[in-house]
> 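Take a look at the following structure, please.
Hydrogens, waters and symmetry mates are skipped; everything else that's a heavy atom, side chains included, is used. In what follows, chains are A, B, ... by sequence order, proteins preceding strands, each numbered from 1.
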Amino acid sequence: MNPRRILVTAALPYANGPIHIGHLVEYVQTDIWVRFQRLRGHRVVFVCADDTHGTAIMISANKAGVSEEQWIARISEQHQRDFATFGVDFDNYGSTNSPENRELCAEIWSSLRRENLIVEKDVEQLYDPVKGTFLADRFVKGTCPKCGAADQYGDNCDKCGSTYSPRDLINPVSTLSGAQPEVRVATHLFVELEQLHEFLEQWTQSGNHLQSETANYLKGHFLGDPLRDWDVSRPAPYFGFEIPDSPGNYWYVWFDAPIGYIASTAQWCAAHGERLEDWWKNPETEIHHFIGKDITYFHTLFWPGMLHKAGFQLPAKVHIHGFLTVNGEKMSKSKGTFITAETYAKHLDPQVLRYYFASKLGPRLDDLDLSFDEFAKKIDADLVGKVVNLASRTAKFLAPTGLSPEYPDDGGLFEYGAKQGAEIAEAYENCDYNRAVRLILELADRANPFVEQAAPWKLAKDPEQADRVRDICTIGINLYRQIIIYLSPILPELAGKTERLLGTPITHWNDASAPLTGSSVAKFEHLMKRIDTKDIDAMIEDSKTPAAEDASAEATAPTWNDGPEALAAEPLTETCTIEDFAKVDLRVARVVAAESVPEANKLLKLTLSLGGDERRQVFAGIKAAYQPEDLVGRLVVMVANLAPRKMRFGLSEGMVTAAGPGGAEVFLLGVDSGAQPGQRVH
RNA sequence: GGGCCAGUAGCUCAGCGGUUAGAGCAGGGGACUCAUAAUCCCUUGGUCGCGGGUUCGAAUCCUGCCUGGCCUACCA
């Protein structure tokens with residue numbers, strides 16, 4: 001087989017929050033495919049990047065009290081750490097906020113200009129006069145014009161399901177500032193996608209670039225009518241790239257995000273002495289995108305259109321997958337099923353999640369359910385009980401002698417496994433991982449009875465039978481290794497341990513058709529742990545956040561179960577007057593700096609901002625409950641007129657309000673978004 | 001309202017025109033003790049969502065209905 005040259009991308013995660021197990025479905029799926037192709041001897045470059053532009057990033061950075069650049073740098077670091085934890089091994093991890101991306105955006109943009117695809121149109125949009133920014137629909141709330149339900153988003157009503165323009169909302173309010181938005185007109189730039197209608201019809205409906213259901217979806221929803229113009233600009237202020245020939249306008253995040261694939265490849269090329277043209281402008285290179293079904297639209301219409309007009313190579317295939325549900329339901333923060341990569345890894349082994357996903361993933365875009373019950377059973381039964389068990393019951397007999405010099409007669413077991421390699425490879429190639437896993441596990445189901453019947457542990461008691469024992473175990477361990485080679489794209493860590501056990505690296509898929517002989521075997525060590533359901537419970541508990549933080553929980557009528565203990569521990573005090581209360585000047589403040597006081601057991605030194613240049617230094621006894629870095633940027637409520645107090649470590653100019661008995665059980669009072677530092681609490 | 005997908009043993013799924021419908025897990029019985037209470041053997045269990053049709057023959061094709069999921073409903 002001729003080696004193929006393959007460029008693989010996974011969707012760019014938005015730099016607005018942590019990676020969670022739902023994201024991981026995609027990155028694991030893609031990484032498995034990449035590892036598989038490499039093992040087959042193909043040339044693969046696997047790139048990704050953080051998607052860093054847009055209004056949401058500005059808001060998050062602003063809330064955290066840092067610049068957008070600082071914010072995205074922090075998120076990028078977290079994302080890359082999480083991917084590494086789960087064995088997702090990119091060749092290059094870039095950022096859409098990179099010079100390479102800016103340059104490529106400009107290049108593609110000028111192509112679109114040259115092709116006369118860009119038109120200007122005035123757009124009326126709501127504008128927040130306090131924040132000085134235009135508002136996307138989701139940043140406006142108000143009363144539904146149809147049914148009168150309060151507190152609905154700008155584009156549709158949760159209560160009655162009607163859709164409308166944010167301008168129709170009754171009493172609209174900006175969620176950023178609380179101000180009443182006004183209507184303003186701005187000039188936007190549009191891509192006249194309709195000019196590409198025929199090309200997109202042809203590209204989406206032929207050539208097997210898309211799963212059939214996606215092709216049907218596009219045909220039914222978009223390609224039946226003239227394609228609408230695509231609004232690709234946003235007026236300042238906007239965190240992104242300013243459009244070179246349209247000052248004051250910025251490329252919409254969805255314009256520059258997919259170009260980030262190319263930019264990330266460009267970075268890789270620069271670092272490895274390769275030419276970008278070979279990867280993006282050469283028909284010999286296969287480009288494969290892996291994405292979730294939510295972003296189908298961008299990757300199957302705009303993106304091919306842009307590439308086509310700008311003279312880049314079109315994707316060979318866009319692989320689209322469904323979403324993750326947990327225990328049959330959408331992930332939920334209040335139920336503890338909104339599990340971040342970091343939290344998962346704190347409690348469970350990352351590689352077994354890869355196995356579970358693989359055992360459920362198919363080539364269709366169906367949703368995938370993570371049932372923890374099934375998860376534990378699958379790992380224990382398949383991996384520990386069947387696969388790893390093969391090694392653990394044979395390796396120790398081989399440690400003293402090594403493998404037999406010639407591969408013994410095994411009744412055709414190894415040969416059968418080698419033959420199955422073709423079918424397993426085909427399943428991987430088609431992203432039909434659950435089929436691949438089924439086929440591989442069948443091999444383990446054949447291998448265990450062989451070992452059972454041959455019973456080397458009985459023969460081992462008779463020194464006369466030493467050769468026979470070695471032969472049987474040579475067979476057993478080779479069958480094990482064959483299985484591991486097939487599983488290695490899914491379980492690279494287990495594959496690595498196996499390489500060390502047998503002192504032989506796995507370098508190619510075809511290693512599975514040549515048994516090892518004569519080599520030594522290391523002392524057997526545990527390869528994999530069974531799942532302890534206590535760890536799953538702890539992980540779910542760890543993922544739970546108060547119901548109030550979960551928007552979806554509001555709709556599902558949460559049940560509270562608040563006991564009387566807290567009140568009993570600290571009974572209510574005597575009544576005070578409003579004047580008494582007014583003596584205490586509570587203010588919203590932002591933590592702009594936080595550091596641990598090394599000599600103090602309980603104290604953190606906080607610098608609080610009351611807006612403008614007003615700063616207060618406060619020592620707070622919350623060391624056991626909060627990490628300084630987690631506090632920077634957040635809003636707190638402080639007692640601003642408390643008499644300053646000299647402490648051993650410096651002057652404390654106020655105090656931060658918090659509840660809880662103390663120690664690690666301290667909970668800072670939060671402030672709903674919209675509040676500004678310096679505002680008084682009444 | 002429209003579209004797509006699925007409905008097969010308690011659970012997860014395979015089979016997608018051809019003998020009495022399969023696997024894994026779970027359940028029941030036994031064996032073994034090398035191995036992470038792992039493994040092995042035997043076994044219980046299904047009018048293949050429901051009704052029509054095509055065919056010598058249908059879980060498998062067509063059609064209607066029911067149920068569930070996802071996507072849409074003139075936003076992308």
Side-chain angles (χ1 to χ4, degrees), chain A residues 136-138 153-156 161-166 190-191 193 211-222 224-232 252-255 292-302 320-323 325 328-330 356 359-360 362 364-371 373-398 427 432 434-435 437-442 444-461 469 472-473 476 480 524-532:
Chain A
D137 293 355
R138 47 189 277 246
Y153 282 107
D155 46 359
N156 67 77
S162 58
T163 56
Y164 40 76
S165 150
F190 289 77
V191 176
L193 208 60
Q211 288 124 306
S212 58
E213 55 267 53
T214 305
N216 290 343
Y217 159 77
L218 294 173
K219 193 171 187 168
H221 282 276
F222 300 103
D225 297 313
L227 295 164
R228 277 187 293 277
D229 297 344
W230 183 36
D231 186 351
V232 289
Y252 174 47
V253 55
W254 264 111
F255 177 81
K293 62 186 179 183
D294 52 326
I295 54 176
T296 298
Y297 182 85
F298 299 101
H299 282 82
T300 56
L301 294 176
F302 299 130
I320 306 177
H321 61 82
F323 294 147
T325 55
E329 296 177 359
K330 276 188 181 161
Y356 181 81
S359 78
K360 304 282 281 187
R364 312 269 64 150
L365 49 70
D366 303 322
D367 286 352
L368 181 161
D369 186 51
L370 168 58
S371 144
D373 218 31
E374 188 193 358
F375 170 77
K377 276 179 186 158
K378 247 187 212 290
I379 303 310
D380 290 353
D382 292 1
L383 292 182
V384 181
K386 289 179 181 170
V387 175
V388 166
N389 187 233
L390 270 173
S392 97
R393 67 196 312 202
T394 53
K396 78 164 205 179
F397 293 108
L398 292 166
D432 202 351
N434 76 69
R435 179 174 162 77
V437 167
R438 257 199 331 274
L439 290 166
I440 298 166
L441 260 286
E442 193 211 325
D445 281 333
R446 286 163 171 263
N448 270 309
F450 166 81
V451 176
E452 190 79 18
Q453 275 166 21
W457 50 91
K458 277 186 188 158
L459 303 177
K461 289 171 184 158
V469 170
I472 290 162
C473 293
Y480 165 75
F524 182 79
E525 283 169 25
H526 261 23
L527 295 166
M528 186 172 282
K529 234 179 53 202
R530 309 178 77 77
I531 302 289
D532 186 341

> Using the P atom as the reference point in each nucleotide, state the distance between B:G53 and B:G17 in Å, no decimals.
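So the two P atoms sit 23 Å from each other.
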> Should the pair A:Phe375 and A:Tyr356 be assigned to parallel (<30°), tilted (30 to 60°) or perpendicular (>60°) ring geometry?
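Rings of A:Phe375 and A:Tyr356: perpendicular, as their planes differ by over 60°.
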> What's the closest nucleotide to the A:Asp367 side chain, out of B:C70, B:A76, B:G24?
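Output: B:C70.
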> In whole Å, I'd like the distance from the CD1 atom of A:Ile295 to the P atom of B:C70.
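Distance, rounded to whole Å: 19 Å.
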> Starting the side chain at C-beta, find the nucleotide from B:C34, B:G24, B:U12 nearest to A:Glu452.
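Side chain of A:Glu452 sits closest to B:C34.
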> Quick check for you: to the nearest 0.5 Å, what is the distance between A:Asp445 atom CG and A:Phe450 atom CZ?
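Here the interatomic distance stands at 15.5 Å.
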> Using the P atom in both, what is the distance from B:C70 to B:C13, to the nearest Å?
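To the nearest whole Å, 15 Å.
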> Have a look at A:Val451 and say if it touches a base, only the backbone sugar-phosphate, or nothing, with a 4.0 Å heavy-atom cut-off.
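The answer is nothing, as A:Val451 stays clear of every strand by at least 4.0 Å.
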> Determine: side-chain N/O of A:Lys396 to OP1/OP2 of B:A35, distance under 4.0 Å, yes or no.
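Yes, within the criterion.
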> Say we look at B:U55 and B:G18: how far apart would their C1' atoms be, to the nearest angstrom?
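The same atom, C1', in both gives a distance of 12 Å.
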> Less than 4.5 Å apart, any side-chain heavy atom of A:Asp231 and any of A:Trp254?
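No, side chains not in contact.
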> Thinking salt bridges, do A:Arg446 and A:Glu442 make one under a 4.0 Å N-O criterion?
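The answer is yes: the pair qualifies as a salt bridge.
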> Once you round to the nearest 0.5 Å, how far does CD of A:Glu213 lie from NZ of A:Lys293?
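A:Glu213 atom CD to A:Lys293 atom NZ measures 10.5 Å (nearest 0.5 Å).
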> Can you work out whether A:Lys458 or A:Arg435 has the more 5'-proximal nearest nucleotide on RNA chain B?
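Result: A:Arg435.
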> Please work out whether the ring planes of A:Phe524 and A:His526 are parallel, tilted or perpendicular, with thresholds of 30° and 60°.
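A:Phe524 and A:His526: perpendicular rings.
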> Between C1' on B:G24 and CD1 on A:Ile379, what's the gap in Å once rounded to a whole number?
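Rounding to the nearest Å, CD1 of A:Ile379 and C1' of B:G24 are 14 Å apart.
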> Name the closest nucleotide to the A:Val388 side chain, picking from B:U39, B:C71, B:U36.
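Of the options given, the side chain of A:Val388 lies nearest B:U36.
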> Looking at the side chain of A:Val384, which of B:C34, B:U36, B:U39 is the nearest nucleotide?
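Looking only at side-chain atoms, A:Val384 lies closest to B:U36.
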> Report which part of the nucleic acid A:Phe524 touches: base, sugar-phosphate, or nothing (heavy-atom distance under 4.0 Å, all strands).
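Counting heavy atoms under 4.0 Å across all strands, no contact is made by A:Phe524.
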> In whole angstroms, how far is the P atom of B:C34 from the CG atom of A:Asn389?
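Taking CG of A:Asn389 and P of B:C34, I get 13 Å after rounding.
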> For A:Lys293, report the nucleic acid contact type (base, sugar-phosphate, nothing); a contact means any heavy atom under 4.0 Å.
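Sugar-phosphate contact only.
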> With the side chain of A:Glu374 defined as its heavy atoms from C-beta on, choose the nearest nucleotide among B:U12, B:U33, B:C13.
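Side chain of A:Glu374 sits closest to B:U12.
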> May A:Tyr217 be described as stacking on the base of B:G3, applying a 5.5 Å centroid limit and a 30° limit on plane angle?
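Stacking is absent between B:G3 and A:Tyr217, given that the ring centres and planes do not meet under 5.5 Å and under 30°.
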> Rounding to an integer number of Å, can you tell me how far A:Phe302 CZ sits from B:A76 C1'?
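The distance from CZ of A:Phe302 to C1' of B:A76 comes to 7 Å, rounded to the nearest Å.
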> Using the C1' atom as the point on both nucleotides, what is the distance between B:U36 and B:G30, in whole Å?
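One C1' to the other, the span is 24 Å.
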> Pick the C1' atom in B:G64 and in B:G22, then give their distance to the nearest Å.
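My reading of the C1' atoms in B:G64 and B:G22 gives 30 Å.
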> Using modelled atom types and a 3.5 Å cut-off, is there a donor and acceptor pairing between side-chain atoms of A:Asp380 and backbone atoms of A:Arg530?
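Between the backbone of A:Arg530 and the side chain of A:Asp380 there is no qualifying donor-acceptor contact (under 3.5 Å).
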> Counting Watson-Crick and G-U wobble pairs only, both distances under 3.5 Å, name the nucleotide matched with B:A31, or none.
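Per the H-bond distance test, B:U39.
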> Please state how far atom CG in A:Leu441 lies from atom P in B:U12, giving the value in whole angstrom units.
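Taking atom P of B:U12 as the reference, CG of A:Leu441 is at 18 Å.
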> Nearest to the side chain of A:Lys386, heavy atoms from C-beta on, is which of B:C25, B:C13, B:A35?
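Minimum distance to the A:Lys386 side chain belongs to B:C25.
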> Base, sugar-phosphate or nothing for A:Pro449? Non-hydrogen atoms, less than 4.0 Å.
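It contacts sugar-phosphate atoms only.
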> What integer distance in Å separates A:Arg393:CZ from B:U39:P?
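After rounding, the gap between these two atoms is 9 Å.
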> Is B:A23 paired to anything, Watson-Crick or G-U wobble with both distances less than 3.5 Å, and if yes, which nucleotide?
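Answer to the pairing question: B:U12, which forms a Watson-Crick or G-U pair with B:A23.
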> Between A:Arg228 and A:Asp366, who's closer to the 5' end of RNA chain B by nearest nucleotide?
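Between the two, 5'-proximity favours A:Asp366.
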> Just checking A:Trp230: base, sugar-phosphate only, or nothing, at a heavy-atom cut-off of under 4.0 Å?
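Result for A:Trp230 = sugar-phosphate.
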> Among B:C32, B:U39, B:A14, which nucleotide has an atom closest to any side-chain atom of A:Trp457?
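Nucleotide nearest to A:Trp457's side chain: B:C32.
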> With respect to the side chain of A:Asp445, which nucleotide from B:A76, B:U39, B:G24 is positioned closest?
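The answer is B:G24.
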> Using the P atom in both, what is the distance from B:C34 to B:C48, to the nearest Å?
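That atom pair is separated by 47 Å.
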> Mind calculating the distance between CG (A:Leu227) and C1' (B:A76) to the nearest angstrom?
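Rounded to the whole Å, the gap is 13 Å.
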> Looking across every strand, which nucleic acid part, if any, lies under 4.0 Å from A:Leu527 by heavy atom: base, sugar-phosphate, or nothing?
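It contacts base atoms.
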> Return the pairing partner of B:A73 with a 3.5 Å limit on both distances, Watson-Crick or G-U wobble; otherwise return none.
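The answer is none; no pair meets the criterion.
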> For nucleotides B:U72 and B:C56, find the distance between their P atoms and express it as a whole number of Å.
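It works out to 46 Å between them.
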> Drop me the distance from A:Glu329's CD to A:Leu370's CG, to the nearest 0.5 angstrom.
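These two atoms lie 12.5 Å from each other.
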> Write down the distance between CG (A:Leu370) and C1' (B:U12), rounded to a whole number of angstrom.
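Checked: the CG to C1' distance equals 13 Å.
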> If we take the P atom in both B:C50 and B:U67, what is their distance in whole Å?
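Straight-line distance between the two P atoms is 15 Å.
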> Just N and O in the side chain of A:Lys219: are any of them under 4.0 Å from OP1 or OP2 of B:G3?
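No, because none of the side-chain N or O atoms of A:Lys219 sits under 4.0 Å from OP1 or OP2 of B:G3.
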> Need the pair for B:G7. Rule: Watson-Crick or G-U wobble, both distances under 3.5 Å, any strand; none if unpaired.
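B:G7 is paired with B:C66.
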> With sugar-phosphate meaning primed atoms plus P, OP1 and OP2, does A:Arg364 contact a base, only sugar-phosphate, or nothing at under 4.0 Å between heavy atoms?
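Contact class for A:Arg364: none.
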